S.K.: 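Just dropping this structure here.
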Amino acid sequence: MGLLSNKIKREELKAGDHIYSWRNAYVYAHHGVYVGDGMVIHFTRGAGQEIGTGTVLDRIIFSSSPARPSDNPCPRCSDYWRDDGVILSCIDCFLYGGELYLFEYDVSPALFLAKPRGGTCTLAKSDPPEDVVHRANFLLQNGFGVYHVFRNNCEDFAIYCKTGLLVITSLSVGRSGQAASLLAAVSAVVSSPLRYLTTSCTGLAAVGYGMYCVSRLVSDIGVRRDVARVPVERLVAHPSLDDASLASDNNAKEG
């Protein structure tokens, strides 16, 4: 893997790896957790359905899970197929003809900022592979809540499996680097007062990119303060966990 690409060969994969593949000409990436034996556990809205955001994005962003032809089932994973939620697929069905990439953990701030595209790495540290696979398999059986493009998407699922971390406030995006990058780009364009300090195109570009980088960095799961470690069994047993209870538990542990 290099600075600009996290591409990886299939034979290099290990159980517990967080992988992703770009969709729709690199518009967005679909994420999942490799659990070994050529199988991937991932979270999706559902084949052919639109992602529910309650915004105009509902009309232009579609499901990251490919539609499965009923007359041509996959011989490897058709027995496990579900239309939405947390699903188990073979790696071929997960990739859907795309390239395979490895999401990186515990990267330095310099490397994080050197990668201009969000949703490829994080400063957060990964838990041991056995914990990652346990969470993914547990959520395969019990679900991961309702899919939402900003607060609970496929990247959020994979990052939770890798770290056990949940965002404990309702005023921000989830753990997804893709969602954070999108909002960072919008913020850099419309909300920075620094854009009035220069009138040149080069200056505006520099200011905008600087704000974009700062917004991405402070939104990363490895930097944010509004996160808590939540055991997967508790997450499933109490799906209505509110932000206050998570924050209280987190503060008690720190105290």
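Just so we're clear, the structure is a prediction, and the values are computed from it rather than from any experiment. Worth knowing before you read on, the calculation uses all heavy atoms, side chains too, and leaves out hydrogens, waters and symmetry mates.
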S.K.: With distance as the sole test, does Asp220 use its side chain to make a donor-acceptor pair with the main-chain N or O of Gly222 at under 3.5 Å?
M.R.: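 Present.
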S.K.: Checking the side chain of Asn152 only, and the main-chain atoms of His148 only, is there a donor and an acceptor separated by less than 3.5 Å?
M.R.: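 The answer is no, because no donor-acceptor pair under 3.5 Å joins these two groups.
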S.K.: Which atom pair, heavy atoms only, marks the closest approach of Gly119 to His31?
M.R.: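 The answer is O-CE1, 3.1 Å.
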S.K.: If you look at every heavy atom in Val218 and Arg224, which pair is closest and at what distance?
M.R.: O-CG, 3.3 Å
S.K.: Checking Tyr34 side chain against Ile91 main chain: does a donor-acceptor pair fall under 3.5 Å?
M.R.: no
S.K.: How many angstroms lie between atom CE of Met39 and atom CG of Asn137, to the nearest 0.5 angstrom?
M.R.: 10.5 Å
S.K.: Would you check if Cys154 and Thr44 make a side-chain contact, meaning some heavy-atom pair closer than 4.5 Å?
M.R.: no
S.K.: Quick one: does Tyr160's side chain get under 4.5 Å of Leu235's, heavy atoms only?
M.R.: yes
S.K.: Could you tell me the separation between the NE2 atom of His18 and the OG1 atom of Thr120, rounded to the nearest 0.5 Å?
M.R.: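 Reported to 0.5 Å precision, the distance equals 10.0 Å.
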S.K.: Measure across Lys7 and Tyr101 and return the closest heavy-atom pair with its distance rounded to 0.1 Å.
M.R.: N-CD2, 3.4 Å
S.K.: Can you name the closest pair of heavy atoms from Cys74 and Cys90 and give their distance?
M.R.: SG-SG, 3.6 Å
S.K.: Please answer: with hydrophobic residues joined when any side-chain heavy atoms are less than 4.5 Å apart, are Val146 and Phe157 in the same cluster?
M.R.: no
S.K.: Does the side chain of Val223 reach to within under 4.5 Å of the side chain of Arg216, using non-hydrogen atoms?
M.R.: no
S.K.: Please report the closest heavy-atom contact between Leu88 and Ile41, naming both atoms and the distance.
M.R.: CD1-CG1, 3.7 Å
S.K.: Hey, what do you get for CZ (Arg135) to CD (Glu233), rounding to the nearest 0.5 Å?
M.R.: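 So the gap between those two atoms works out to 9.0 Å.
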S.K.: Can you tell me if Asp17 uses its side chain to pair, donor with acceptor, with the backbone of Ile19 under 3.5 Å?
M.R.: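 Not a single qualifying donor-acceptor pair exists.
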S.K.: To the nearest 0.5 angstrom, please state how far the CG atom of Asp92 sits from the CZ atom of Arg10.
M.R.: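 Spacing of CG (Asp92) from CZ (Arg10) equals 4.0 Å.
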S.K.: Working note: Ile8 + Leu13, criterion side chain to side chain contact (heavy atoms under 4.5 Å, CB included); need CA distance, chi angles, decisive distance, verdict.
M.R.: CA-CA 8 Å; Ile8 188 174; Leu13 285 177; 4.2 Å; yes
S.K.: Check whether Ser21 reaches the backbone of Glu99 with its side chain - one donor and one acceptor, N or O, closer than 3.5 Å.
M.R.: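 The answer is yes, because a donor-acceptor pair under 3.5 Å joins these two groups.
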S.K.: Is the shortest side-chain heavy-atom distance between Ile159 and Leu165 below 4.5 Å?
M.R.: no
S.K.: Is the ring centre of Phe94 less than 6.0 Å from the ring centre of His42?
M.R.: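 Ring centres of His42 and Phe94 closer than 6.0 Å.
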S.K.: Determine whether a donor-acceptor pair (N or O, by modelled atom type, separation under 3.5 Å) exists between the side chain of Tyr105 and the backbone of Thr163.
M.R.: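 Here the side-chain-to-backbone pair does not exist.
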S.K.: Would you please test Asp127 and His134 for side chain to side chain contact (heavy atoms under 4.5 Å, CB included) and show each step?
M.R.: CA-CA 11 Å; Asp127 288 335; His134 167 69; over 6 Å; no
S.K.: Between the side chain of Asn153 and the main-chain N/O of Asp156, is any donor-acceptor distance below 3.5 Å?
M.R.: yes
S.K.: Please confirm whether the backbone N or O of Phe138 pairs with a side-chain atom of Gln141, one donor and one acceptor, at under 3.5 Å?
M.R.: no
S.K.: Report the C-alpha distance between Phe103 and Asn6 in whole Å, list the side-chain angles of each, state the deciding distance to 0.1 Å, and finish with yes or no for side chain to side chain contact (heavy atoms under 4.5 Å, CB included).
M.R.: CA-CA 7 Å; Phe103 192 99; Asn6 293 357; 5.8 Å; no
S.K.: Find out whether Asp106 and Leu123 are in side-chain contact, i.e. whether some heavy atom of one side chain is under 4.5 Å from a heavy atom of the other.
M.R.: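 No, their side chains stay 4.5 Å or more apart.
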S.K.: Could Arg23 and Tyr96 be counted as a cation-pi pair, given that NZ or CZ must be under 6.0 Å from the ring centre and within 45° of the axis?
M.R.: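 Negative - Arg23 is either too far from the ring of Tyr96 or too far off its axis.
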S.K.: Taking all non-hydrogen atoms of both residues, which atom of Val33 and which atom of Cys161 are closest, and how far apart?
M.R.: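 The answer is CG2-CB, 3.9 Å.
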S.K.: According to the interplanar angle, ranging from 0 to 90°, do the rings of Trp22 and Tyr20 count as parallel (below 30°), tilted (30 to 60°) or perpendicular (above 60°)?
M.R.: perpendicular
S.K.: Would you call Lys162 and Asp131 a salt bridge, using N to O less than 4.0 angstrom?
M.R.: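 Here Lys162 does not pair with Asp131 in a salt bridge, since their nearest N and O are not under 4.0 Å apart.
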S.K.: Using side chain to side chain contact (heavy atoms under 4.5 Å, CB included), reason through Leu166 and Val227 one step at a time and then give a plain yes or no.
M.R.: CA-CA 5 Å; Leu166 288 177; Val227 297; over 6 Å; no
